[in-house]
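What follows is a single structure, written as structure tokens, with notes after it.
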Amino acid sequence: MTAKISFDGVGREFPIRGTPGRLTALEGIDLDVAAGEFMVIVGPSGCGKSTLLDLLAGLSTPSAGRILLDGEPVTGAGLDRGIVFQQYALLPWRTALGNVEFGLEATGVPRRQRAERAREYLELVDLAGFADRHPHELSGGMRQRVAIARSLAYDPEVLLMDEPFAALDAQTRESLQDELLRIWQRTHKTVVFITHGIDEAVYLGQRVAVLTSRPGRVKSVVDIDLGRRDSEDIRSTPEFAHYRHRIWTLLHDEVARAHELEREAVG
Ligand SMILES: Nc1ncnc2c1ncn2[C@@H]1O[C@H](COP(=O)(O)OP(=O)(O)OP(=O)(O)O)[C@@H](O)[C@H]1O
Ligand SMILES: [Mg+2]
């Protein structure tokens, strides 16, 4: 079976401004994501997580290796991939509805249908009553829900999310996590989700890929087998604690190493 997404020896370097040197952000990334899978990626700050997502989104190109989507190399951005960034990238002069419609304008959906579809997706994220509000009239959690609705509205097969809930309070974050799981279960999209949060990774992921500190490599991929996640308070079960500890341990060494690298760079 071909993977939905396949990283094949992917590396990414950046020039270092003012020097002839180059910074290796990612090195030798091999990772397959199956169709319909919920894959979470964690790693220390600066290890290349956003870089990885940008490559997959087609916003930049690898320095080494290749990324395949349905077996074809990624050559640029496309409507087959929806992106939700960490900062609510909403258009401030447009209403919630207008922001969701924005995603549909590129797809050539007629105007009447655009509004209809946008309303549908606002409903999906429980914002039906807020269609006419502008971003500044919405809370952070609501804005992020608009951003999610926007990326879902044009029905991409793959959803790329870069720490989408990081800026939210714990309660809002947990309710959006549940909403996202619900949407994922309903739509069978392939999700690649980046987070700093170990609990978030265990709660959401079917698999969690832990990256090393820079240059980012895949250190380990952990299968999360928690059964039904929306049934009870899964976060307080021994199984959950087991996975949390496992990922914490994998990450801990890498974060320590990242701090060492930082100290060397400064000193
Ligand atoms: N356009 C760029 N030009 C030069 N260096 C870059 C560029 N983008 C990223 N980098 C460098 O690549 C490394 C990885 O950055 P990236 O943003 O992918 O990390 P991250 O894992 O997403 O970090 P965080 O968890 O803090 O968001 C960093 O050292 C960063 O400074
Ligand atoms: Mg990042």
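Worth knowing before you read on, the calculation uses all heavy atoms, side chains too, and leaves out hydrogens, waters and symmetry mates. Worth saying up front: this structure is predicted, and the values here are computed from it rather than measured. Just follow the structure's listing: the first ligand is 1, and inside any ligand the first atom is 1.
- None of Lys4, Lys189, His188 except one satisfies the side-chain hydrogen bond (donor to acceptor under 3.5 Å, both in side chains) rule with Glu157; the exception is Lys4.
- Between atom 12 (O) of ligand 1 and the options Ser213, Gly48, Ala25, the minimum heavy-atom separation is to Ala25.
- Between Ser213 and Cys47, the closest heavy-atom pair is CA-CB, 4.0 Å.
- Within a 4.0 Å radius of atom 4 (C) of ligand 1, the protein contributes at least one heavy atom.
- Among all non-hydrogen protein atoms, the one lying nearest atom 6 (C) of ligand 1 is Phe14 CD1, 3.3 Å.
- Across all their heavy atoms, Arg145 and Val125 have their closest contact at NE-O, 3.0 Å.
- Heavy atoms only, all atoms of each residue included: Thr190 and Ala34 are closest at CG2-O, 3.5 Å.
- In this structure, the protein non-hydrogen atom closest to atom 26 (O) of ligand 1 is Ser45 OG, 2.6 Å.
- When every heavy atom of Leu160 is checked against every heavy atom of Arg81, the shortest pair comes out as CD1-CB, 4.2 Å.
- A cation-pi arrangement is found for Arg235 relative to Tyr203, the charged atom lying closer than 6.0 Å to the ring centre and inside a 45° cone about the ring normal.
- Neither the backbone nor the side chain of Arg17 has a heavy atom within less than 4.0 Å of ligand 1.
- In this structure, of Glu13, Lys49, Arg12, Arg214, the residue bringing a heavy atom nearest to atom 21 (O) of ligand 1 is Lys49.
- Interface atoms of ligand 1 facing His196, defined by a heavy-atom separation under 4.0 Å, are 25 (O).
- With 3.5 Å as the limit, one finds a donor-acceptor pair spanning the side chains of Asp162 and Ser50.
- Classification of the Trp184-Phe38 ring pair by plane angle, with boundaries at 30° and 60°, yields perpendicular.
- Ligand 1 has a nitrogen or oxygen under 3.5 angstrom from a nitrogen or oxygen of Gly46.
- The protein non-hydrogen atom at the shortest distance from atom 16 (P) of ligand 1 is Thr51 OG1, 3.6 Å.
- Contacts of Leu23 with ligand 1, taken as heavy-atom pairs under 4.0 Å, involve the side chain alone.
- Protein contacts to the Mg ion (ligand 2) involving N, O or S atoms at a distance below 2.8 Å are Ser50 OG.
- Every residue two or more places apart in sequence or in another chain was checked for a ring-ring contact (aromatic ring centres under 6.0 Å, His included) with Tyr121, and none qualifies.
- Between Lys219 and the options Leu211, Asp253, Leu251, a side-chain contact (heavy atoms from CB on, under 4.5 Å) holds for only Asp253.
- Closest to atom 17 (O) of ligand 1 among all protein heavy atoms lies Ser50 CB, 3.7 Å.
- For ligand 1, the atoms lying closer than 4.0 Å to a non-hydrogen atom of Glu163 are 25 (O), 27 (O).
- Two residues are said to be in side-chain contact when any heavy atoms from C-beta on lie closer than 4.5 Å; Leu127 and Val146 meet this criterion.
- At distances below 3.5 Å, not a single donor-acceptor pair connects side-chain atoms of Ser175 with backbone N or O atoms of Asp178.
- Atom 8 (N) of ligand 1 is flagged as protein-proximal [any protein heavy atom, distance under 4.0 Å].
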